[in-house]
Amino acid sequence: MSMLDIILDIGFFAAAIRLAVPLLLGTLSELVAERSGVLNLGIEGMMLAGALAGFATAHVTGSLWLGVLAALLLGALIGLLMALLVVILRLDQTVTGLGVTMAATGLVFFSYRLGFGESAVPPAITPFSTIPLPLLSDIPFVGPVLFNQYALTYIVYLLVPALAFFLFRTPAGLALRTVGENPKAAAGVGIDPIKMRILALMAAGALAGLAGAYLNLAAFGSFTFGIISGRGWICLALVVLGRWKPFACAGAALLFGAVDAFQLRLQTSGSVDLPYQLFLALPYVATLIVVIVNTRFAAAPAALMEPYDPEKR
Amino acid sequence: MADDTPLLALTGITKRFGEVVANRDVDFTLRPGEVVGLLGENGAGKTTLMNIAFGLYRPDAGTIAVAGKAASIGSTADAIALGIGMVHQHTHVVARHSVLENLMAGLAGRHGLIDRAAALARLAEIAAAYGLGLDPDQLVGDLAVGEKQRLDIIRALFRKARILILDEPTSVLTPQETEGLFSAIRALKADGVGVVYISHKLNEVRAITDRVVVMRRGAVVADAVNDGTLTNAGLAVLMCGHEPERITRTPHQTGAARLELAGLRLGKATQPIDLKVHGGEIVGIAGVSGNGQVRFAETIAGVQMAADGTILIDGKPTSAGSPRRMQQAGLAYIPEDRLGAGLVGALPVSDNMVLSRFGASPFAHFGWLDRKAMAAFAERQIASYDIRPPDAKLPIGLLSGGNQQKAIVARELALKPKVLIIAQPTRGLDVTAIAFVHRELMRLRAEGCAILLISDDLDEIFQLSDRIAVMYESAIVCAMQVEQATVAGIGLAMNGGAIEVPA
Ligand SMILES: Nc1ncnc2c1ncn2[C@@H]1O[C@H](COP(=O)(O)OP(=O)(O)OP(=O)(O)O)[C@@H](O)[C@H]1O
Ligand SMILES: [Mg+2]
């Protein structure tokens, strides 16, 4: 199979989308947090916690959708905790975020061992199966690529325009953006920056939890400790690449997903004889390059990482 | 118009910041349809008191009543719900949002959506009623400071507040804009709105207020009806306990050209500027703000690149576009946006005092900072400029607006520059501080420094300048000795009119 054959294959595009969706969820999560002025380095931990919550709930109850709910709730809870530390107590966002990730990772490993023990065959669930959308999936090429996906993926399709609409068309979205740019200005017009940031971090947590849960509820069907493997960190780069805008973030996630799908196929095609680690590195290298080229035009929310203290001037 | 239940009544307000008592047992009332001037020296506690009424600060003691009912104002949202609006001393705007977005932030919208049409209509209404308008789609970061201040005022008017607090609203407005604001205030007054007007511009205060309340060191020291008998000198005495001196210029012989602009072009499409400033000479640049003054100052100071032309200091061409090299050539620059471009809010006063030269002796030796020398220098400057509170270790952002101004002026003037570019030197300063800065400028002039004074305040220009040049559309349209200039003539030239200069 030549490189061109790989790219021209419908399966390649479908795979690109499958790989992009969890990243997109994580990127939207980070976008919401950063638009409020908080850098959420807890995202990696929130995703891992969401993955376990989703998996364990689905395993115990047999309901994948309850798993989704559990992931959302646990993510929001960790978001609330993070908000307590960085918004109320105004602790350093970098250190706190890393701390949240480390604490969540440790707790997840511990709870998994506690709940599932150490078995030779890891417990598994039957993940979501794809649902072809009537009519739409019959469109040649586009149909099988875009409209033969998991239900969660369809939700994500809707989430992107919904978030853009929220940010740029609703009073709450404008309030969120104002807080991220200049919390003092926000306070001056009667917006409560503290409340906004707490809510934003809870929403970001929920989305990150869902991103993690997608990985085993839709893609893998089992839980492993390496399930997130740095996807949260990738989202931090993708939100820069996507210039803090939902549609551009979707583009960024798709780009990463496509390069990832490409390298996976290139590896298995055996047409290029190189160590597999090089292939694995490809999406990261691609992201890095695009970020370097792109950041010149990108501007982070002006108050990113700036704690808000109402009595300080 | 005045009725008996006050719209706003603050009783026994006390507020401490660490050791500083910003407000000490303050009583303040505002009645419907009344404009109350709130006066006081820099750091007297005016802003603090009004921030408490607006819910930004919580008082340590005291109560607030709005329209006769006890009010607990815990947040700005509470204050806004009670009909209180405030224009802040330092504009609080979002640079990367459009004018309209800034105006709509915090509004409820309609059917869950932001209501662009209604906001546009209200903006047009305000423009029509008070002559205060702005382009709704312009990015706020691109606005001149005066326009940002106008935005703040429009935003306060937007919500139809019953109590309007204006904290130095005209500090960067043109006379025309100030007149627009005054007609807005008169119209609001007729509707029964109460207005608190904080300003250091005593003429304005006397013109627009019904009553003045004077604060000194956190406490109210006078509360007087403005019945036409108040004088600037009288108010100044109430504020600072003594009459401030008015610095006057005595004509003297000027030296050789120290700053020379030859064919300097600010933009590709603007006219070239040729101007000489001699040693011992103050050249005042008059002009309506927004006519390229900021760009002019920044270009000479090396912050921005000139489109064309050369800048010479003491006859030597300087390499443009590097603030450090201009500084080494002997140029000092005090920008108009002091908070943004001149100070680092989180650093202590002592560090800010040496910001432009901490790399060299006497503040550093062999690459090590000499903290002792820095502290001693700061203490000296604090004492001679009467910066309050006198604490060199305080982050400079915590000082009152006027005291921050004094700090930066103190820093730049200590450089003993050959050439000084100073923009809006006394904006936001109280009478004592103004006299102080003016005296410093006169001292530099006597020492042979060439001074370029950019100011919106024509009085100040006429008071200090040896020569007056008018800036219009990013070019100098005329220049003349102060003796030949008239306020009317300069005013005409500022608005693009031709001016007759006696040869
Ligand atoms: N947030 C704060 N933290 C610490 N100190 C403060 C704070 N706000 C005000 N202060 C101090 O309180 C005192 C009063 O300040 P305030 O800003 O009310 O003065 P002001 O009368 O408005 O002066 P100006 O005319 O210079 O604006 C000053 O000494 C100031 O340093
Ligand atoms: Mg003030």
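Naming convention: chains lettered A, B, ... in sequence-line order (proteins, then strands); numbering from 1 in each chain.
- Counting heavy atoms from C-beta outward, B/V94 and A/R177 have side chains that stay 4.5 Å or more apart.
- Chosen from A/A175, A/A187, A/A186, the residue pairing most often with chain B at heavy-atom distances under 4.5 Å is A/A187.
- Of the atoms belonging to B/R110, not a single heavy atom falls under 4.5 Å from chain A.
- Within a 6.0 Å sphere centred on CZ of B/R96, heavy atoms belonging to other residues, nucleotides or ligands number more than 12.
- More than 12 non-hydrogen atoms from other residues, nucleotides or ligands lie less than 6.0 angstrom from CZ of A/R90.
- Of the listed residues (B/A81, B/A105, B/G55, B/G85), the one with the most heavy-atom contacts under 4.5 Å to chain A is B/A105.
- A/G190 approaches B/A77 most closely through the heavy-atom pair O-CB, 3.4 Å.
- Between chain A and the residues B/I80, B/N102, B/D78, the largest count of heavy-atom pairs under 4.5 Å involves B/I80.
- At least one side-chain heavy atom of B/H97 sits less than 4.5 Å from a side-chain heavy atom of A/L174.
- In this structure, OG in B/S75 is found 10.5 Å from CD1 in A/I194, a value given to the nearest 0.5 Å.
- If you measure heavy-atom distances from B/F17 to chain A, the contacts under 4.5 Å come from the side chain alone.
- Of the two parts of B/A108, only the backbone, made up of N, CA, C and O, holds a non-hydrogen atom closer than 4.5 Å to a non-hydrogen atom of chain A.
- By number of non-hydrogen pairs under 4.5 angstrom with chain A, the leading residue of B/L107, B/V93, B/T91, B/D115 is B/V93.
- The part of A/F165 that comes within reach of chain B is its side chain, from C-beta onward, which places non-hydrogen atoms under 4.5 angstrom from that chain.
- The OG1 atom of B/T76 lies 7.5 Å from the CG atom of A/D192; values are rounded to the nearest 0.5 Å.
- Counting non-hydrogen atoms of other residues, nucleotides and ligands closer than 6.0 Å to CZ of B/R159 gives a total above 12.
- Closest non-hydrogen pair, B/G109 versus A/P171, comes out as CA-CG, 4.0 Å.
- When every heavy atom of A/A185 is checked against every heavy atom of B/H92, the shortest pair comes out as CB-O, 3.5 Å.
- For the atom pair B/H111 NE2 and A/T170 OG1, the distance stands at 15.0 Å (nearest 0.5 Å).
- In this structure, no portion of B/M86 lies under 4.5 Å from any heavy atom of chain A.
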